Amino acid sequence: MIDDNINHEYIIRYLRDLLPVRSGLPREMELYAAEHDVPISQPETMKLLEVLIALGKIQTVLEVGTAIGYSAICMAQAGCNHVDTIEISPEAAKIARENFERAGLSKRIHLYEGDAKQVLARMRGSYDMIFIDAAKAQYHEFFPHCMRMLKIGGLLVSDNVLYKGMTATDELLQHRKITIVRRLRRYLDMLSSLPYLQTSVLPVGDGVALSVKCAEEPHENLS
Ligand SMILES: C[S@@+](CC[C@H](N)C(=O)[O-])C[C@H]1O[C@@H](n2cnc3c(N)ncnc32)[C@H](O)[C@@H]1O
């Protein structure tokens, strides 16, 4: 396996070789992220999102966790009409805004700066897809707000849910990650058992949970 990846090295290499090399600003951002250790979506995860956007004709996206704006730009370029994205780090938010400007996407991507727990509570949007890609220990806190704003038939995408394999087995569990892993396990149990969701967890990238909201959730699940 490559580093902490959940898939074998030869599989990852093969899958990544299949992907066209990006050009322009997204490629520049990939290189910037690699050089400055910015965690952006893995290539196969980003491609999965683009496939889902094309498949579902997804027009409106909410993203939790912008970083420097890489996935927001790729999603807008994949055909989404509008992306709202939330970032807690002022430094990352500043770079993301500059990137949206450079991509000519400032009118189609709106960045909310702040802690998603508070920002989400104030938001009243309605989205075809919601992409959660922020602090893994907080996914369960983002979830009720995301459900409130996800359209029926809409798609919730939760990234990094297998967390280097630690979610799946204690054999890989690092002691200092125990709280995050316990929360991720509870989060996946919840996604998998809620009657109004159809959830599939895919071993793509660092693990991606896809959940379709099939009906309105009962009121008591909203916080
Ligand atoms: C994995 S990166 C996002 C990568 C981005 N989606 C991409 O693929 O280009 C996670 C980001 O979430 C942000 N973040 C973490 N906790 C957050 C929170 N509670 N509210 C908003 N942003 C948060 C981090 O600062 C970080 O920039």
Side-chain angles (χ1 to χ4, degrees), residues 1-87 89 91-111 127-134 136 155-165 200-210:
M1 307 228 221
I2 306 178
D3 301 327
D4 302 316
N5 276 305
I6 62 171
N7 290 307
H8 288 288
E9 179 177 344
Y10 72 96
I11 298 280
I12 297 171
R13 289 240 168 84
Y14 180 71
L15 295 181
R16 288 187 184 173
D17 281 350
L18 289 174
L19 299 174
V21 177
R22 290 183 195 271
S23 58
L25 185 59
R27 180 68 190 143
E28 202 186 298
M29 292 170 81
E30 287 173 356
L31 297 173
Y32 178 94
E35 194 184 333
H36 295 86
D37 272 332
V38 180
I40 61 169
S41 295
Q42 296 188 15
E44 52 277 27
T45 306
M46 197 60 247
K47 182 50 71 182
L48 175 65
L49 286 170
E50 290 166 332
V51 168
L52 294 168
I53 286 164
L55 179 74
K57 299 184 176 51
I58 283 163
Q59 289 299 305
T60 48
V61 173
L62 170 61
E63 174 181 65
V64 185
T66 319
I68 58 171
Y70 173 75
S71 50
I73 287 176
C74 290
M75 290 191 287
Q77 290 183 341
C80 295
N81 223 6
H82 191 84
V83 179
D84 283 331
T85 182
I86 310 172
E87 175 55 52
S89 151
E91 295 78 26
K94 181 173 180 291
I95 298 172
R97 282 201 187 93
E98 286 165 7
N99 284 326
F100 300 152
E101 192 71 45
R102 288 181 64 203
L105 289 168
S106 301
K107 290 200 168 69
R108 286 171 51 208
I109 304 178
H110 182 79
L111 191 146
Y127 299 94
D128 298 321
M129 183 170 101
I130 300 183
F131 177 41
I132 302 184
D133 189 22
K136 290 172 275 295
L155 179 65
L156 176 71
V157 181
S158 310
D159 199 10
N160 305 107
V161 290
L162 293 178
Y163 198 14
K164 305 170 198 253
S200 174
V201 182
L202 307 178
V204 172
D206 195 26
V208 180
L210 302 182

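As the structure is a computational prediction, the values presented were derived from the model and not from experiment.
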Exercise. How long is the span from the CG atom in Asp128 to the CD atom in Gln59, to the nearest 0.5 Å?
Worked result: 7.0 Å

Exercise. Does some side-chain heavy atom of Leu31 sit less than 4.5 Å from a side-chain heavy atom of Glu28?
Worked result: no

For this session: Could you tell me whether the side chain of Leu19 reaches within less than 4.5 Å of the side chain of Leu15, counting heavy atoms only?
Result: no

For this session: Say whether, by atom type as modelled, one donor and one acceptor occur between the side chain of Arg108 and the main chain of Cys80 under 3.5 angstrom.
Result: yes

Exercise. What is the distance from atom CD1 of Ile53 to atom CE of Met129, rounded to the nearest 0.5 Å?
Worked result: 4.0 Å

Exercise. Taking C-beta and beyond as the side chain, do Cys74 and Arg22 meet within less than 4.5 Å on heavy atoms?
Worked result: yes

Problem set entry | Contact check, side chains of Gln42 and Ile12, non-hydrogen atoms, under 4.5 Å | no

Exercise. Does the pair Asp206 and Thr45 meet the rule for a side-chain contact (heavy atoms from CB on, under 4.5 Å), with working shown?
Worked result: CA-CA 8 Å; Asp206 195 26; Thr45 306; over 6 Å; no

Problem set entry | Salt-bridge contact Glu50-Lys47 (side-chain N to carboxylate O under 4.0 Å) | yes

For this session: Grab the two heavy atoms, one from Val38 and one from Tyr32, that are nearest each other, plus how far apart they are.
Result: CG2-CE2, 4.1 Å

Seminar exercise, completed: Minimal heavy-atom distance between Ile6 and Gly205, with the atoms involved, is CG1-O, 3.2 Å

Exercise. Out of curiosity, Ile68 CD1 to Met29 CE, how far, rounded to the nearest 0.5 Å?
Worked result: 4.5 Å

Problem set entry | Side-chain heavy atoms of Thr85 within contact of Phe100, under 4.5 Å | yes

Exercise. Counting only heavy atoms not in Glu98, do more than 12 sit closer than 6.0 Å to its CD atom?
Worked result: yes

Exercise. Ala96 and Leu111: which non-hydrogen atoms are nearest, and at how many Å?
Worked result: CB-CD1, 3.7 Å

Problem set entry | Nearest heavy-atom neighbours spanning Pro26 and Tyr70 | O-CE1, 3.6 Å

Problem set entry | Test applied, side-chain contact (heavy atoms from CB on, under 4.5 Å); reference residue, Leu155; option that passes from Leu55, Leu52, Ile130, Val61 | Leu52

Exercise. Looking at side-chain heavy atoms only, is the closest gap between Leu202 and Leu48 below 4.5 Å?
Worked result: yes

Exercise. Atom CG of Leu25 and atom CD1 of Ile73: how far apart are they, to the nearest 0.5 Å?
Worked result: 5.0 Å

Seminar exercise, completed: All heavy atoms of Leu105 vs all of Ala76, minimum pair found to be CD1-CB, 4.0 Å

Problem set entry | Pairwise distance CD(Glu87) to CD(Glu63) - rounded to 0.5 angstrom | 9.0 Å

Problem set entry | Min side-chain heavy-atom separation Ile58-Met75 under 4.5 Å | no

Problem set entry | Interatomic distance, Ile40 atom CD1 to Thr66 atom OG1 [nearest 0.5 angstrom] | 13.5 Å

